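Note on naming: letters A, B, ... go to the chains in the order of the sequence lines (proteins, then strands), and numbering restarts at 1 for each one. Predicted model, so just to flag it, every value in this text is computed and none were measured.
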2 protein chains.
Amino acid sequence: MSRRPTMHDVARIAGVSAKTVSRVVNNETPVDPLTRARVQQAIAELGFRRNEQARSLRPGQTSALIGLVTGDLGNPFYSAIARGIEDVAHRRGHLLLTTSSDERPDRERQLIDALLQHNIEGLIIVPTLGQHDYLSPAFLRGLPVVAVDRPVHTHPPLDTVLLDNRHGAALAVTSLLQAGHTRVAVIDGESAVFTGAERIAGYHDAHRQQKVTPDATLLRQGFHGETQAETAMTDLLDLPAPPTAVFATNNRIAIGALNGMHRRKHWIPLAVFDDFDLAGMLPTPVTVVAYDAVEMGRQAAELLFARLDGLSADPQVRTLPVTVHQRGPGNLAVN
Amino acid sequence: MSRRPTMHDVARIAGVSAKTVSRVVNNETPVDPLTRARVQQAIAELGFRRNEQARSLRPGQTSALIGLVTGDLGNPFYSAIARGIEDVAHRRGHLLLTTSSDERPDRERQLIDALLQHNIEGLIIVPTLGQHDYLSPAFLRGLPVVAVDRPVHTHPPLDTVLLDNRHGAALAVTSLLQAGHTRVAVIDGESAVFTGAERIAGYHDAHRQQKVTPDATLLRQGFHGETQAETAMTDLLDLPAPPTAVFATNNRIAIGALNGMHRRKHWIPLAVFDDFDLAGMLPTPVTVVAYDAVEMGRQAAELLFARLDGLSADPQVRTLPVTVHQRGPGNLAVN
DNA sequence: ATGAAAGCGCTAACAG
DNA sequence: CTGTTAGCGCTTTCAT
């Protein structure tokens with residue numbers, strides 16, 4: 001198997017110097033049209049492809065590589081973000097290196113290190129819980145970084161793309177309160193997670209605004225995954241005074257809560273931050289907070305490229321809108 | 001902002017030559033333990049990180065980069081595959097470049113080209129429909145390639161990881177036939193897609209084996225997305241002699257079919273190739289064919305690394321098992 | 001309009 | 001055990 005052809009190989013075939021090949025490949029001027037044609041002919045003949053690693057080694061050149069760290073690419077929320085980033089990156093002639101931290105800060109740090117060794121031009125990160133001192137200027141050496149979904153506290157602050165968690169949650173819970181519910185339970189995941197905390201704040205905002213006092217015993221936090229959420233739901237339904245509606249702070253929790261209702265054959269209206277298939281087919285009304293995760297990725301990538309282009313001055317925080325929809329049977333009222 | 005430190009910078013601080021730094025960084029012998037310590041000290045002081053692009057420029061060195069092309073990273077099926085690949089790649093010290101073809105052959109080709117320019121060591125691809133002459137040895141120059149989910153016909157053939165589509169579909173449809181159904185409809189997507197064709201073959205296998213003659217008018221193909229599948233379902237239910245059960249060849253089609261049943265308030269048992277949330281909570285029994293997409297990715301990556309390690313001889317086709325589960329109300333029988 | 005030389009950061013081969 | 005030299009493929013600078 002023959003060695004991959006270089007510019008020198010092309011140059012030899014075309015009877016020109018490597019520099020002229022370089023000019024043709026990069027559409028630089030001046031090159032005589034006939035020379036250009038000869039070179040292009042030779043390129044086609046050999047199947048030459050420029051070596052990006054060699055190119056980007058030169059000072060002043062860039063790698064055309066963007067790095068992404070999320071908790072788990074297998075999670076559709078994260079992969080939608082990745083897709084949005086990829087869209088913009090592709091349009092800008094960049095490729096995306098994707099990695100998954102498993103939500104572990106040590107692995108996150110290691111991945112960022114690996115990405116830096118590959119000379120990424122910029123980094124987009126859905127930060128794990130924990131300290132991010134390795135997002136400091138000293139560690140990053142001026143690498144532009146954009147945070148998505150969760151803020152990260154650094155000096156100076158980073159460009160950030162968030163959802164309107166608090167407002168979306170408030171809207172969804174308000175729809176329950178306005179239907180007459182006064183005992184709305186909450187099932188949340190890991191209590192230290194930013195998005196969950198914001199959504200719970202929104203729950204409280206709604207109560208305050210609707211002048212309903214929430215019952216603290218109905219607020220359940222720290223549940224990982226569907227199975228735990230299911231138990232939380234059955235526990236709530238087994239209370240002497242069970243809730244008449246429930247707010248799930250995310251998708252997975254909602255699925256667990258629904259499994260719990262199904263198990264107890266006791267259905268109460270559900271509000272949930274996240275949309276999901278078949279929400280409209282359930283035996284109880286579902287109020288969903290929907291958003292565009294792909295768009296989050298796009299916006300993050302656009303912030304990143306703006307900074308690479310030197311267009312950004314101060315770090316920006318963009319908060320993306322969410323929408324609320326009623327799914328399933330129309331009547332939200334208390335049974 | 002100071003320039004990123006190089007091995008020479010480290011060498012100067014540690015009072016050694018660049019080659020010695022290289023030896024330390026690569027854990028090569030022999031290096032005097034004291035020298036090694038001095039160098040490590042200097043590395044820490046400067047925050048030195050080896051430049052992977054420069055390293056991999058040397059002949060005999062590799063880029064530690066793997067490329068992936070799927071139809072759409074935002075699709076959870078593909079992103080699960082990506083996650084599986086990433087797992088193995090990370091364990092092997094490799095990073096993954098992910099790209100989405102939008103199922104367009106021209107874009108697929110362009111992405112492969114871009115990946116090759118970045119000197120990927122191997123490529124994993126969920127191939128689009130269409131000719132793949134650009135997966136020929138001439139184009140790839142010996143680059144190892146693994147196909148996932150769909151085979152691709154090249155000479156020589158590629159390593160391939162598939163699901164047991166035909167058998168899984170047969171099992172699911174058999175459960176309907178054994179419950180007494182004789183009019184089982186099929187809703188399928190793009191008819192040229194390999195997986196759909198295999199699953200329909202499984203549908204016919206089941207009928208043959210159960211000695212039931214399928215009604216060709218109940219076989220509907222070429223539907224894109226949920227909305228079209230929903231229409232296909234309502235059309236079927238509106239027939240003078242509607243089906244008593246339906247087989248959906250994938251997830252999205254199943255959601256559409258369920259929406260159709262919901263709209264007509266006419267529920268019939270569903271079999272579907274793919275598992276999904278809330279399948280157990282619907283008003284009709286659901287038979288799902290489940291599988292592990294992350295594992296598909298892992299196996300693909302393992303085939304790739306086996307080839308990079310020079311361990312593989314002939315191209316392999318691995319067919320991964322699927323499992324069938326009953327969800328929802330227990331009774332599959334004809335209404 | 002084109003080419004020669006130098007060097008990006010790293011490591012293989014060879015000296016010492 | 002350590003250092004020197006050379007060169008991977010490309011592009012910048014400066015000649016021609």
Among the nucleotides D/dC10, C/dG3, C/dC10, which one has an atom lying closest to any side-chain atom of A/Arg55? D/dC10

The answer to which of A/Val31 and B/Thr6 contacts DNA chain C further toward the 5' end, by nearest nucleotide, is A/Val31

Near DNA chain D, under 4.0 Å by heavy atom, which residues of residues 21-28 of chain A? A/Ser22, A/Asn26

Looking at B/Gln131, I'd like to know if its CD atom is crowded, meaning that more than 12 non-hydrogen atoms belonging to other residues, nucleotides or ligands lie closer than 6.0 Å. no

NE2 (B/His224) with more than 12 external heavy atoms under 6.0 Å: yes

Nearest heavy-atom approach of B/Leu96 to B/Glu86 is CD2-N, 4.2 Å

Interatomic distance, [X] [atom1] vs [N] [atom2] [rounded to whole Å]:
{"X": "B/Asp32", "N": "D/dG3", "atom1": "CG", "atom2": "P", "result": "11 Å"}
{"X": "B/Gln117", "N": "D/dG9", "atom1": "CD", "atom2": "P", "result": "15 Å"}
{"X": "A/Asp9", "N": "D/dC8", "atom1": "CG", "atom2": "C1'", "result": "13 Å"}
{"X": "B/Lys19", "N": "D/dG7", "atom1": "NZ", "atom2": "P", "result": "16 Å"}
{"X": "A/Arg36", "N": "C/dT2", "atom1": "CZ", "atom2": "C1'", "result": "13 Å"}
{"X": "A/Leu57", "N": "D/dG7", "atom1": "CG", "atom2": "P", "result": "17 Å"}
{"X": "B/Arg3", "N": "C/dC8", "atom1": "CZ", "atom2": "P", "result": "9 Å"}
{"X": "B/Gln61", "N": "D/dG7", "atom1": "CD", "atom2": "P", "result": "17 Å"}

Is B/Arg4 positioned over the aromatic face of B/Phe48, cation under 6.0 angstrom from the ring centre and no more than 45 degrees off axis? no

Which is it for A/Leu65 and B/His118 under the side-chain contact (heavy atoms from CB on, under 4.5 Å) test, yes or no, and what are the steps along the way? CA-CA 9 Å; A/Leu65 254 27; B/His118 283 266; 3.4 Å; yes

Taking only the side-chain nitrogens and oxygens of B/Thr35, find out if one of them lies under 4.0 Å from OP1 or OP2 of D/dT2. yes

C/dT2 phosphate, OP1 or OP2, under 4.0 Å from A/Thr20 side-chain N/O: no

Indicate whether any N or O donor in one side chain lies under 3.5 Å from an N or O acceptor in the other, for A/Ser56 and B/Gln53. yes

Is the closest side-chain donor-acceptor distance between B/Glu103 and B/Thr128 under 3.5 Å? no

Base, sugar-phosphate, or nothing for B/Pro59, non-hydrogen atoms under 4.0 angstrom? sugar-phosphate

A/Ser56 near the nucleic acid: base, sugar-phosphate alone, or nothing, with a heavy-atom cut-off under 4.0 Å? nothing

Kindly write out the residues that satisfy salt bridge (charged side-chain N to carboxylate O under 4.0 Å, His left out) with A/Arg91, not counting sequence neighbours, or none if the list is empty. A/Glu302

Mind checking salt bridge (charged side-chain N to carboxylate O under 4.0 Å, His left out) for B/Arg36 and listing every partner two or more places apart, or none if nothing turns up? none

Quick one: stems for DNA chain C, with Watson-Crick or G-U pairs under 3.5 Å, at least three in a row? C:1-16 with D:1-16

Less than 4.5 Å apart, side chain to side chain, heavy atoms only: is that true for B/Gln40 and B/Val24? yes

For DNA chain C, find the residues of residues 37-54 of chain B with a heavy-atom distance under 4.0 Å and give them by number; none if there aren't any. B/Phe48, B/Arg50, B/Asn51, B/Ala54

Hey, could you give me each pair passing ring-ring contact (aromatic ring centres under 6.0 Å, His included) that has a residue in residues 295-320 of chain B? Not counting sequence neighbours. B/His94-B/Phe305

In a check of side chain to side chain contact (heavy atoms under 4.5 Å, CB included) between B/Val317 and each of B/Leu303, B/Leu162, B/Asp159, which one passes? B/Leu162

